[in-house]
Amino acid sequence: MAAGGELQLLGSWYSPYAIRAKVALGLKGLSYQYLEEDLSSKSDLLLKSNPVHKKVPVLVHGGRPVCESLVVVQYVDEAWAGTGPPLLPADARDRATARFWAAFIDDKFFKAWRELFRSTTDGQRAEAFGNVVPQVETLEQAFMECSKGKAFFGGDAIGLADIALGSFLVWIQVVDEVSGTKLLDGARFPGLAAWAERFLSVDAVKDAMPEFERLLEHYKGFLAKLASPAGPGGYS
Ligand SMILES: N[C@@H](CCC(=O)N[C@@H](CS)C(=O)NCC(=O)O)C(=O)O
């Protein structure tokens with residue numbers, strides 16, 4: 001199945017970045033060996049494969065590592081161009097647009113949402129929520145423009161920007177549950193709310209996503225550790 005060598009994915013079950021790699025591999029229908037990393041005690045393979053960042057995901061293809069989730073998604077699309085659906089558009093300008101929004105999701109949306117994720121008091125949560133809403137407003141508008149009335153940022157099928165944002169969806173639900181918020185509120189963000197439902201109903205996505213209750217417990221444990229002097233560990 002793998003083009004030119006066997007495939008291994010180093011990930012952590014709760015990592016939204018590893019989820020991106022899993023979704024891309026799943027959409028392409030590629031089989032691979034999944035290696036779960038304990039990020040508090042990283043394997044020699046991870047340290048050797050990603051010596052710069054020492055983070056998951058790493059896709060090892062024929063013994064050679066590919067690091068950084070968005071790079072992995074694009075690598076999978078290029079290396080298996082003839083297999084499964086394309087994850088990037090054929091048109092260069094549309095590809096540039098997809099890459100732009102994927103970068104926005106990591107640079108702007110995630111940085112703002114991370115403050116909500118790391119909030120431990122009602123006051124912090126209210127402030128962080130207020131700061132992430134404008135980023136979601138921008139994404140709602142981007143979705144309307146990119147999808148052109150179709151199901152996904154990528155049009156009829158899931159593409160790079162869908163994977164970039166969609167990988168956070170169960171995390172968003174879990175943080176909403178603890179914070180008493182509803183970030184992708186259908187009344188406020190109808191496009192993104194409907195998109196999220198569609199994204200989560202795709203088989204390759206369902207297979208890649210962590211289970212809500214398990215993630216919720218993990219997050220509660222993270223918040224408890226955040227308050228401890230040792231800190232949470234394993235999160236960037
Ligand atoms: N920009 C990276 C971020 C990856 C990342 O932050 N991974 C986290 C898990 S969610 C990690 O491996 N953390 C280990 C550490 O920070 O030591 C990507 O897109 O792949």
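Both ligands and their constituent atoms are indexed starting at 1 by order of listing. Nothing fancy with the numbering, it's 1 onward along the sequence.
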**Q** Any N or O of Y17 that comes nearer than 3.5 Å to an N or O of ligand 1?
**A** no
**Q** Look at atom 19 (O) of ligand 1 and find which of A18, P57, S69 reaches it with the closest heavy atom.
**A**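 Result: the heavy atom closest to atom 19 (O) of ligand 1 is in S69.
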**Q** Using modelled atom types only, decide if a donor and an acceptor are shared between the side chain of Q33 and the backbone of L9 within a distance under 3.5 Å.
**A**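 Checked: no pair found.
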**Q** CD of E127: more than 12 outside heavy atoms within 6.0 angstrom?
**A** no
**Q** Indicate, with yes or no, if the rings of W101 and F153 have centres closer together than 6.0 Å.
**A**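 They do not qualify: ring centres at least 6.0 Å apart.
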**Q** Is the shortest distance from a heavy atom of S12 to ligand 1 less than 4.0 Å?
**A** no
**Q** Is K22 close enough and on-axis enough to Y34, meaning under 6.0 Å and within 45°, for cation-pi?
**A**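 Checked: cation-pi criterion met.
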**Q** Any ion pair linking R20 and D162 (charged N to carboxylate O, less than 4.0 Å)?
**A**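 Judged by the 4.0 Å cut-off on N to carboxylate O distance, D162 and R20 do not form a salt bridge.
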**Q** Report the member of L10, L39, D106 with the shortest heavy-atom distance to atom 9 (C) of ligand 1.
**A** L39
**Q** Among V58, I19, V56, V73, which one has a heavy atom closest to atom 12 (O) of ligand 1?
**A**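 Heavy atom nearest to atom 12 (O) of ligand 1 belongs to V56.
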**Q** Would you please determine whether K42 falls within less than 4.0 Å of ligand 1 on a heavy-atom basis?
**A** yes
